[in-house]
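Note that the structure is a prediction, hence the values are computed from the model and not measured. When a residue number appears, it is its place in the shown sequence, counting from 1.
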Amino acid sequence: MSRKQGGTPDITDVAKAAGVSASTVSRAFNHPELLKPATRKKIDRAVQRLGYIRNRAAQVMHGRRSGTVGLVVPTIDNAIFAEVIQSFSQRLDAHGFTMLIVSHGFDLDREYAMTRKLLEHRVDGLVLIGLEHSEATYQLIARQGVASMALWNYRDGAELPCIGVDNDEAGRMAVGHLLGLGHRDIGLIFPDPTGNDRARGRMVGAEAALREQGIEVPENWRLEAPYSISEAKRGALRLLGQAQRPTAVLCGNDIIAQGVLYAAKHLGLGVPEDLSVMGIGDFKGSSEIEPSLSTIRIPAKRIGTLAADHIAAAVTGENDGSVARKCRLRVMARQSTGPVGGAGRGGEMPRR
């Protein structure tokens with residue numbers, strides 16, 4: 001381990017190395033837009049050469065902002081929130097803030113604990129995924145008075161400012177696409193809706209759209225699957241292995257839909273000739289798999305960017321923190337869905 005030479009550099013050392021005042025160095029960190037690009041570049045070079053790290057803890061102790069925003073997500077174990085996290089982080093960085101991220105594994109009690117930890121670190125702002133949270137979490141946020149919002153979900157009259165989509169509408173749009181292709185024998189594979197308002201909203205919307213057309217989904221055509229391709233494949237094998245099987249399967253997200261595609265291939269079913277498969281989300285790669293996945297596009301990058309703009313402005317006092325913005329969904333009709341064929345209820349399984 002190498003020994004430090006000459007002690008830890010401070011802001012005065014940086015100012016001397018850059019040929020500017022200490023207050024100018026401070027301004028470069030807190031209000032870089034006020035400095036000329038050439039001055040910022042000199043300071044950046046001095047900071048890099050000296051290895052200077054400013055003391056955020058000391059700033060917080062003196063009542064200044066920590067420069068951090070906490071993001072609480074259900075999972076970072078798959079692609080579901082990857083795009084929204086990336087776009088949120090990039091845009092937040094452009095505003096001069098750093099993202100601190102924690103995950104709770106779809107456990108609302110753990111979400112409360114993770115939210116407390118972020119607040120203990122004195123984050124300037126707090127962003128949560130979705131609008132279903134424990135009462136303890138809502139009370140904690142209200143009592144701390146920190147700038148807060150929800151992303152990914154939109155709902156009129158939500159308890160938190162929100163930017164996202166209407167998941168009920170996503171479910172309805174997915175069903176509408178399949179109905180438009182002539183499908184009426186439709187199976188449903190969704191995640192457990194407990195503590196997951198995204199999955200519940202999509203499922204409620206899908207079931208309502210089916211009922212409005214006089215379609216009741218048999219109980220054995222309704223399955224739950226976690227956010228796992230392998231688990232979704234296993235569930236789909238049970239569903240599609242029945243003597244009477246659906247002509248289409250609507251999935252609560254694209255990860256489950258990928259599992260259904262693998263199950264169909266394993267059973268020798270042609271997609272979409274024998275089975276149409278519909279997802280929700282339009283995750284990265286959904287357009288590239290074979291066959292390409294029909295799905296409902298949730299504009300993840302736009303949601304992340306808008307959320308970062310809003311929370312940064314709320315922290316700096318440029319807005320009052322209130323927002324309720326609904327982003328547009330789109331049907332992405334691709335190769336995995338097609339007109340209803342002859343392999344509906346009572347259809348024979350193809351020979352392998």
Trainee: Using the six-membered ring wherever Trp is involved, compare the ring planes of His133 and Tyr138 and label them parallel, tilted or perpendicular (cut-offs 30° and 60°).
Mentor: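 Correct class here is perpendicular.
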Trainee: Do you know the tightest heavy-atom contact between Ser148 and Leu160?
Mentor: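 Minimum heavy-atom separation between Ser148 and Leu160: CB-CD2, 4.3 Å.
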Trainee: Between Thr247 and Val340 (side chain of the first, backbone of the second, donor and acceptor by atom type, cut-off under 3.5 Å), is there such a pair?
Mentor: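 No: the side chain of Thr247 does not pair with the backbone of Val340.
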Trainee: Between Val271 and Gln335, does a side chain to side chain contact (heavy atoms under 4.5 Å, CB included) hold up when you go through it step by step?
Mentor: CA-CA 8 Å; Val271 176; Gln335 297 171 346; over 6 Å; no
Trainee: What I want to check is whether the side chains of Ser26 and Ser23 have a donor and an acceptor closer together than 3.5 Å.
Mentor: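 The answer is no; no qualifying pair exists.
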Trainee: Under 4.5 Å between side-chain heavy atoms, hopping through other hydrophobics if needed: is there a path connecting Leu118 to Ile85?
Mentor: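 Unlinked, Leu118 and Ile85 end up in two clusters.
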Trainee: Apply side chain to side chain contact (heavy atoms under 4.5 Å, CB included) to the pair Phe88 and Ile303, showing each step before the final yes or no.
Mentor: CA-CA 8 Å; Phe88 179 77; Ile303 291 171; over 6 Å; no
Trainee: Give the minimum heavy-atom separation between Pro299 and Cys327, together with the two atoms involved.
Mentor: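 Taking Pro299 first and Cys327 second, the nearest heavy atoms are CG-CB, 3.8 Å.
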Trainee: So which heavy atom on Pro339 is nearest to which on His183, and how close?
Mentor: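 What the structure gives for the nearest pair is C-NE2, 4.0 Å.
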Trainee: With no hydrogens and no angle check, is any side-chain donor or acceptor of Ser286 less than 3.5 Å from a backbone partner on Phe283?
Mentor: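 Looks like yes, one N/O pair under 3.5 Å.
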Trainee: Walk me through it: do Glu111 and Ser134 pass the test side chain to side chain contact (heavy atoms under 4.5 Å, CB included)?
Mentor: CA-CA 8 Å; Glu111 180 187 52; Ser134 69; 5.5 Å; no
Trainee: Provide the closest heavy-atom pair for Asn220 versus Leu239 in the form atom of the first, atom of the second, distance.
Mentor: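 Minimum heavy-atom separation between Asn220 and Leu239: O-CD1, 3.7 Å.
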Trainee: Rounded at 0.5 Å granularity, tell me how far CG in Asp166 sits from CG in Leu329.
Mentor: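 Interatomic distance, Asp166 CG to Leu329 CG, rounded to 0.5 Å: 7.5 Å.
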Trainee: Can you check whether Val84 reaches Lys301 side chain to side chain, under 4.5 Å on heavy atoms?
Mentor: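 No - every pair of side-chain heavy atoms lies 4.5 Å or more apart.
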Trainee: For residues Leu128 and Thr137, determine if any side-chain heavy atom of one lies less than 4.5 Å from a side-chain heavy atom of the other.
Mentor: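 In contact.
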Trainee: Looking only at atom types and distance, does a side-chain atom of Asp254 sit under 3.5 Å from a main-chain N or O of Ile280, one as donor and one as acceptor?
Mentor: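 Looks like yes, one N/O pair under 3.5 Å.
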Trainee: In terms of heavy-atom contacts, does CZ of Arg328 have more than 12 from other residues, nucleotides or ligands at under 6.0 Å?
Mentor: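 No, CZ of Arg328 has 12 or fewer neighbouring heavy atoms, counting only those of other groups under 6.0 Å.
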Trainee: Are Val20 and Leu34 connected into the same hydrophobic cluster when the rule is that any two of I, L, V, M, F, W, Y join if their side-chain heavy atoms are below 4.5 Å apart?
Mentor: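 In one cluster: no.
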Trainee: Restricting to non-hydrogen atoms, name the atom on Arg222 and the atom on Val217 that form the minimum distance, rounded to 0.1 Å.
Mentor: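 It is NE-O, 3.3 Å.
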Trainee: Please report the interatomic distance CG(Leu151) to SG(Cys162), rounded to the nearest 0.5 Å.
Mentor: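 Going from CG on Leu151 over to SG on Cys162, the span is 10.0 Å.
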Trainee: Output the distance between atom CD (Gln144) and atom CD (Gln139), rounded to the nearest 0.5 Å.
Mentor: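 If I round to the nearest 0.5 Å, the distance is 12.5 Å.
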Trainee: State whether a side-chain donor-acceptor pair under 3.5 Å links Glu132 with Asn196.
Mentor: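 The answer is no; no qualifying pair exists.
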Trainee: Within the structure provided, determine whether Val249 and Leu240 are in side-chain contact (heavy-atom separation under 4.5 Å).
Mentor: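 Heavy-atom side-chain distance check passes, below 4.5 Å.
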Trainee: When you check the gap from the basic side-chain N to the acidic O, do Glu169 and Arg172 get nearer than 4.0 Å?
Mentor: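 No, this pair does not count.
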Trainee: Has the side chain of Arg91 got a donor or acceptor atom that lies under 3.5 Å from a matching backbone atom of Ala308?
Mentor: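 Pair absent, no side-chain N/O of Arg91 close to backbone of Ala308.
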Trainee: Please check if Val72 and Phe106 belong to a single hydrophobic cluster, counting links between Ile, Leu, Val, Met, Phe, Trp and Tyr side chain heavy atoms closer than 4.5 Å.
Mentor: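 No, it is not one cluster - the side chains of Val72 and Phe106 are not joined through contacts under 4.5 Å.
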Trainee: Side-chain contact, heavy-atom cut-off 4.5 Å: Leu100 with Val69?
Mentor: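 Not in contact.
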Trainee: Can you name the nearest heavy-atom pair linking Thr295 to Arg334, along with the distance?
Mentor: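 So the minimum-distance heavy-atom pair works out to CG2-NH1, 3.6 Å.
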Trainee: Can you tell me if His310 uses its side chain to pair, donor with acceptor, with the backbone of Gly321 under 3.5 Å?
Mentor: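 Between the backbone of Gly321 and the side chain of His310 there is a qualifying donor-acceptor contact (under 3.5 Å).
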Trainee: Using atom types as modelled and distance alone, determine if a side-chain donor or acceptor of Asp124 lies under 3.5 Å from a backbone N or O of Val315.
Mentor: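 Pair absent, no side-chain N/O of Asp124 close to backbone of Val315.
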Trainee: Less than 4.5 Å apart, side chain to side chain, heavy atoms only: is that true for Val175 and Leu250?
Mentor: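 Yes. Closest side-chain heavy atoms under 4.5 Å.
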Trainee: Would Leu178 end up clustered with Leu210 when hydrophobic side chains under 4.5 Å apart are linked, directly or stepwise?
Mentor: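 Hydrophobic grouping puts Leu178 with Leu210.
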Trainee: Hey, could you give me the CZ/CZ distance between Arg45 and Arg40, rounded to the nearest 0.5 Å?
Mentor: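 Reported value, rounded in 0.5 Å steps: 12.5 Å.
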Trainee: Are more than 12 heavy atoms from other residues, nucleotides or ligands located less than 6.0 Å from atom CD of Gln48?
Mentor: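 No - once you tally the heavy atoms of other residues, nucleotides and ligands closer than 6.0 Å, there are 12 at most.
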Trainee: Between Ser292 (side chain) and Glu288 (backbone), is there a donor-acceptor pair under 3.5 Å?
Mentor: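 Answer holds: no.
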Trainee: To the nearest 0.5 Å, tell me how far Phe29 CZ sits from Leu35 CG.
Mentor: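 If I round to the nearest 0.5 Å, the distance is 11.0 Å.
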Trainee: Less than 3.5 Å apart, any donor N or O on the side chain of Ser276 or Thr337 sitting next to an acceptor on the other?
Mentor: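 Note: Ser276 and Thr337 side chains miss the donor-acceptor criterion.
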Trainee: Would you say the side chain of Glu207 lies within less than 4.5 Å of the side chain of Leu188, judging by non-hydrogen atoms?
Mentor: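 In contact.
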Trainee: Tell me, do Ile311 and Phe97 make a side-chain contact under 4.5 Å, heavy atoms counted?
Mentor: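 When only atoms from C-beta onward are counted, Phe97 and Ile311 do not touch, as no gap falls below 4.5 Å.
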Trainee: Please confirm whether the backbone N or O of Asp13 pairs with a side-chain atom of Asp10, one donor and one acceptor, at under 3.5 Å?
Mentor: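 Yes, the answer is positive, given that a donor and an acceptor are paired below the 3.5 Å cut-off.
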Trainee: Give the C-alpha distance, both sets of side-chain angles, the deciding distance and a yes or no for side chain to side chain contact (heavy atoms under 4.5 Å, CB included) between Ile129 and Arg198.
Mentor: CA-CA 9 Å; Ile129 298 287; Arg198 283 84 55 201; 4.2 Å; yes
Trainee: Can Leu261 be reached from Leu269 by stepping across I, L, V, M, F, W or Y side chains whose heavy atoms are under 4.5 Å apart?
Mentor: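 Both belong to a single hydrophobic cluster.
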Trainee: Enter the distance from Asn167:CG to Arg202:CZ here, rounded to the nearest 0.5 Å.
Mentor: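 Spacing of CG (Asn167) from CZ (Arg202) equals 4.5 Å.
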Trainee: Looking at side-chain heavy atoms only, is the closest gap between Leu126 and Ile141 below 4.5 Å?
Mentor: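 Counting from C-beta outward, Leu126 and Ile141 do come under 4.5 Å.
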Trainee: Can you tell me if Arg122 uses its side chain to pair, donor with acceptor, with the backbone of Thr68 under 3.5 Å?
Mentor: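 Not at all, since once roles are kept as given, no pair shorter than 3.5 Å links the two residues.
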Trainee: Please walk me through it: do Lys265 and Glu290 pass salt bridge (Lys or Arg N to Asp or Glu O under 4.0 Å)?
Mentor: CA-CA 11 Å; Lys265 183 176 182 180; Glu290 294 291 342; over 6 Å; no
